[in-house]
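FYI, the numbering just counts along the sequence from 1. Remember, it's 1-based here, ligands and their atoms both numbered in the order they're listed. Note that the structure is a prediction, hence the values are computed from the model and not measured.
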Amino acid sequence: MSGIYLDYQSASPVDPRVARFAQRYLTEEFGNPSSLHSAGLRARAALEEARSRVAELINAEDPSSIIFTGSATESNNLAIRGTAIRNAGKGKKVLTSAIEHISVHNPMKELQKGGFEMSMVPVDSSGLVDLGELERMVSPETTVTSIMYANNEIGTIQPANEISDVVHEKGMYLHMDASAAAGRIPVDVQRDGIDLLTLSSNELYGPQGAAALYVKKGVRLQTVNPGGGQERGLRSGTENIFAIAGMGEAARLARGEMDGESARLRSIRDRLIDEILMVEESYLTGDRTRRLPHHASFRFSRIEGESILLTLDAMFDIQVATGSACSSRTLEPSHCLLAIGLKHEEAHGSMVMTLGRYNTEDQVPVIAEAVKKTVGRLRELSPL
Ligand code: PMP
């Protein structure tokens, strides 16, 4: 890829080692893991190997607690609707935070149509969940509370362990969406006290088309797409062995390389933040220290994020995001930025840079200069 790609949160390249490892499952080892013949058994072995590698990445107590799905969206749906519906006899309340990804908010809104009550815990100006409010809002009827491990738009890392303590005082299950966090910071489901956890393959430099849901032993969960009964009956459908094997290999590599790579990215990122904040009327969004190591997010007054994105791309071949890729095609301001207290016009000026494997220190001055020129030019044109 030419230019400077700074949108790893939306899509990441597959690690060439992962591609080499998984390719055989496209062309040679194409058996169905449910088949009883030798080709099927080899596919089954690849599936179970991947399960073990993903379990190790998050310190799951047993590989059987990992359920493979097709996307983080699907994992979130299974976690939320699967527990809420299965445990409706105990209560019909579901709880989340105001800054979750829409793949958490929308399944809960769907549940509301079936008589469930959905509530949202507020966050502070840096995106941290208000623990006092969480404590007040969780009740014995709250079957599932879903709070993301770290936010994809503003990079803020939640205090998982404290959230777990509060949720488990009165409520039932804690689900955490760790799509943005896993492979970048240590996620440990046992240490953190998590019942269900979402992971995404592509965020680990694995192929698209695979994701996982960790389900702690004893969690009562039902499927939301019945069929052939694969994945312990929780996620029917023939397994995408290529993508799953790739996810397993990506998880293995991430576990070994995370510390070094995150330290490298944190150092580049910190320099980038310092340089960009020299632009007049620019502000960091999210927390400065409790932040994912690859994540830098800003807002600029009097200009639109979309104009920044398009100008940086067209004039400087630099690719950034304005918020979540999933909602970037609407011109509505991000619900996440509104939840941290920004006004509509402030939320419109957002720019998100997420670094990854192919970013280097020497790109920092180039990026900073391009942002400075872009913002200056757009402000000259701005009627505001
Ligand atoms: N959760 C988070 C935190 C995300 O950033 C995303 C998007 N990458 C998703 C869930 C949904 O992922 P997908 O579109 O791959 O299902």
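- Of the listed residues (G70, A11, A72), the one carrying the non-hydrogen atom nearest atom 12 (O) of ligand 1 is A72.
- Between R51 and E231 there is a salt bridge, since a side-chain N of the basic residue sits under 4.0 Å from a carboxylate O of the acidic one.
- Selection from D177, N76, N77 by nearest heavy atom to atom 2 (C) of ligand 1 gives D177.
- For the pairing with D177, the side chain to side chain donor-acceptor pair (under 3.5 Å) check across T96, N76, N151, T73 returns one residue only, N76.
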Checklist line | salt bridge (Lys or Arg N to Asp or Glu O under 4.0 Å) between E74 and R235, worked out | finding: CA-CA 9 Å; E74 210 191 311; R235 199 277 184 175; 2.6 Å; yes
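- Near E203, with a cut-off below 4.0 Å to any heavy atom, the atoms of ligand 1 are 8 (N).
- Remark: ligand 1 and Q208 share no N or O pair separated by less than 3.5 Å (distance only, no angle test).
- Both the backbone and the side chain of T73 come within 4.0 Å of ligand 1, counting heavy atoms alone.
- At a 4.0 Å heavy-atom cut-off, ligand 1 does not touch E74 at all.
- Distances from atom 4 (C) of ligand 1 to the heavy atoms of H101, Q9, E153 put H101 nearest.
- Close contacts between ligand 1 and S103 involve ligand atoms 10 (C) [criterion: under 4.0 Å to a heavy atom].
- Close contacts of ligand 1 with M148, meaning ligand atoms under 4.0 Å from a residue heavy atom, involve 3 (C).
- The residue from R17, R184, R264 that alone fulfils the salt bridge (Lys or Arg N to Asp or Glu O under 4.0 Å) condition with E257 is R17.
- E100 and S97 form a side-chain donor-acceptor contact under 3.5 Å, judged by distance and modelled atom types alone.
- By the 4.0 Å N-to-carboxylate-O rule, R302 lies close enough to E281 to be salt-bridged with it.
- Near S179, with a cut-off below 4.0 Å to any heavy atom, the atoms of ligand 1 are 1 (N), 2 (C), 3 (C), 10 (C).
- Salt bridge present: R288 and D270 bring a charged side-chain N and a carboxylate O closer than 4.0 Å.
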